[in-house]
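Structure record follows, encoded as structure tokens.
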Protein chains: 2
Amino acid sequence: MGIAERKERVREEMKQMITTAAMKMFLEEGYAKTSIRNIADSIEYSPGTIYLYYKDKDELLYEVQRQAYGKLLEAFKAGAVSKDPLERLEQLGKLYVAFGLDNPELYDLMFIIRAPMNVDEKLHQSNGGDTFAFLVQCLEECMKGNLLIFKDIQLAALQIWSMVHGLVSLNLRCRLKIMVPVDEDIRFTLFRAVEEYLEAIRA
Amino acid sequence: MGIAERKERVREEMKQMITTAAMKMFLEEGYAKTSIRNIADSIEYSPGTIYLYYKDKDELLYEVQRQAYGKLLEAFKAGAVSKDPLERLEQLGKLYVAFGLDNPELYDLMFIIRAPMNVDEKLHQSNGGDTFAFLVQCLEECMKGNLLIFKDIQLAALQIWSMVHGLVSLNLRCRLKIMVPVDEDIRFTLFRAVEEYLEAIRA
DNA sequence: AAATATAATGAACGGTGTTCAGTAAATGCA
DNA sequence: TGCATTTACTGAACACCGTTCATTATATTT
């Protein structure tokens, strides 16, 4: 009975067509300025059709977020390759910051934007779990070797993620203009901050 | 010629009436869900009137942000009173985190929300300068006494602010659920993170 | 009291997310 | 094969949104 399977496949293709268009437009124009009608136009379907595949605009955002977490995880896997766990931690930190600088709109979608329609914040626990686990694993190695000052691994992860997220998100919201000289290269500055921080938490 | 002065006064009262209503509704319902029409209704004026006092919805947001920065500065002044600059820095950090936890909607308005109408990010340099200066001043004292590991004060401010902002904003976006045990008190956890961080950057 | 200047209105414009009765295409059954 | 039924899609309609502007009401000046 291959018909049901084909239907399922076609349905998945349709869903992907929608999210691909949505991702493209979210990145180019931002989430708020992208309307369901725009997305529908770009894939040459009527607005109503999108609602046959996604419950609402938020669900579309969640799907795009899921894909974005995947991209970040890929960047981690490709770039955090050092054998030394401390070095790898530094690579992770810089990869994270670079990801935020290179994909500001994507970073916004992933961590900053609040989907304004249904203020239901339940989804996030499942989304991005793998990516976070990658950091935790590296941290575990560091702490097994007593390379960091931390005692509690959860608190360590919290602190490190907060630091890099703070750097990226303050920059994205132009809050660094107050303190960083305009002529300085932001990337360089943020990398220095990461290095200095890692220096500080070394055992 | 007291008439012009009275008119100016009345105008200011009107502006304040609008921002007061706007602040209340932004906090209760969020920025996105608060419409100009709602605000107009709540002060019993027509929507068009608001545009006689504020250029657009963003300008309303900027004004509310300005007031919010004032509130944070007040909290700083009231709570960061220790003579010891290092202790004062810890007080500042905890005050900041507490402010973010106690006024999540306000914090959102100040640091996270991107005003979506005119993507003009120029205003922020003036807004909040005083509040930031308060932190820098404390930092300066710390560094004059060689109490911190930092060499560059700008980089120090960047790092510290990033840490506390990261803690608060990840929590606000429910991204801590992945790593912090649900039963634990968030405030306690974030305070511990601040303490541990300050420990790490001590000279 | 009349003319002028200021303040406020609210309908209208072009958008938004979302729903749903109606239509067209694909499938199951005889 | 032909017909009934399920499935896919449409696009007008609903209730909103931010913003503008001709019109009206109020206050000041002459």
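No hydrogens, no waters, no symmetry mates; every other heavy atom, side chains included, goes into these values. Throughout, protein chains are lettered first and strands after them, A, B, ... in sequence-line order, and every chain is numbered starting at 1.
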Self-check item: Euclidean distance, atom CG of residue B/D41 to atom C1' of D/dC16 [Å, nearest integer]
Solution: 13 Å

Practice problem: To the nearest Å, give me how far apart NZ (A/K55) and C1' (C/dT19) are. | Solution: 14 Å

Quiz item: Could you give the CD1-to-P distance, from B/I50 to C/dT9, as a whole number of Å?
Solution: 10 Å

Self-check item: Which residues share a side-chain hydrogen bond (donor to acceptor under 3.5 Å, both in side chains) with B/D41, sequence neighbours left out
Solution: none

Exercise. Let me know the distance between CD1 of B/I39 and C1' of D/dC17, rounded to the nearest Å.
Key: 12 Å

Self-check item: Residue list, side-chain hydrogen bond (donor to acceptor under 3.5 Å, both in side chains) with B/E74, at least two apart or on another chain
Solution: none

Quiz item: Separation of A/L61 atom CG from C/dT18 atom C1', in whole Å?
Solution: 17 Å

Cut-off 3.5 Å, no hydrogens considered: what does the side-chain donor-acceptor table look like for residues 20-30 of chain B, sequence neighbours left out?
from  : atom 1 : to    : atom 2 : distance (Å)
B/T20 : OG1    : B/Q16 : O      : 2.7
B/K24 : NZ     : B/E28 : OE2    : 3.0

Exercise. Would you mind reading off the distance between A/K57 atom NZ and C/dT16 atom P, rounded to a whole angstrom?
Key: 9 Å

Quiz item: Which part of the nucleic acid, if any, lies within reach of B/Y53 when heavy atoms closer than 4.0 Å are counted: base, sugar-phosphate only, or nothing?
Solution: sugar-phosphate

Practice problem: May I ask you to verify if any side-chain N or O of A/N38 is less than 4.0 angstrom from the OP1 or OP2 atom of C/dG15? | Solution: no

Quiz prompt | Proximity to the side chain of B/K7 - top-ranked nucleotide from D/dT28, D/dT19, D/dA8 | solution = D/dT28

Quiz item: Does a salt bridge link A/E195 with A/R192, judged by any charged N lying under 4.0 Å from a carboxylate O?
Solution: no

Practice problem: May I ask you to test the B/Q91-B/F76 pair for a side-chain heavy-atom distance under 4.5 Å? | Solution: no

Self-check item: Whole angstrom value for the distance that separates C1' of C/dG15 from CD1 of A/I36
Solution: 14 Å

Practice problem: For B/K7, check side-chain hydrogen bond (donor to acceptor under 3.5 Å, both in side chains) against everything at least two apart and list the hits. | Solution: none

Practice problem: Can you sort out the partners of A/E141 under side-chain hydrogen bond (donor to acceptor under 3.5 Å, both in side chains), two or more places apart, ordered by chain and number? | Solution: A/R88

Self-check item: Contact residues, residues 8-19 of chain A to DNA chain C [heavy atom, < 4.0 Å]
Solution: none

Practice problem: Please check the phosphate of D/dC21 (OP1 and OP2 only) for any side-chain N or O of B/Y51 closer than 4.0 Å. | Solution: no

Practice problem: Return the set of residues passing side-chain contact (heavy atoms from CB on, under 4.5 Å) with B/E196 (not counting sequence neighbours), or none when no residue passes. | Solution: A/F150, A/L155, A/Q159

Exercise. Under the side-chain contact (heavy atoms from CB on, under 4.5 Å) rule, collect the residues that match up with A/I149, sequence neighbours excluded.
Key: A/I201, B/A200

Quiz prompt | salt bridge (charged side-chain N to carboxylate O under 4.0 Å, His left out) pairs, two or more places apart, involving residues 11-23 of chain A | solution = none

Quiz item: Would you call A/E90-A/K94 a salt bridge at under 4.0 Å N-O?
Solution: yes

Exercise. Specify the separation, in whole Å, of atom CG of B/D56 and atom P of D/dC17.
Key: 17 Å

Can I get a per-line list of side-chain donor-acceptor pairs under 3.5 Å for residues 95-107 of chain B, giving both atom names and the distance, sequence neighbours left out?
from   : atom 1 : to     : atom 2 : distance (Å)
B/Y96  : OH     : B/Y107 : OH     : 2.6
B/Y96  : OH     : B/W161 : NE1    : 2.8
B/D102 : OD1    : B/R187 : NH2    : 2.4
B/N103 : ND2    : B/F99  : O      : 3.1
B/E105 : OE1    : A/R114 : NH2    : 3.4
B/Y107 : OH     : B/H165 : ND1    : 2.6

Practice problem: Go along nucleotides 10-15 of chain D 5' to 3' and tag each nucleotide: B for a protein heavy atom under 4.0 Å from its base, S when only backbone or sugar atoms are that close, - otherwise. | Solution: BB-B--

Quiz item: So what does the secondary structure string of DNA chain D come out as, 5' to 3', with Watson-Crick or wobble pairs under 3.5 angstrom, [ ] for crossing and | for pairs with another strand?
Solution: .||.||||||||||||||||||||||||||

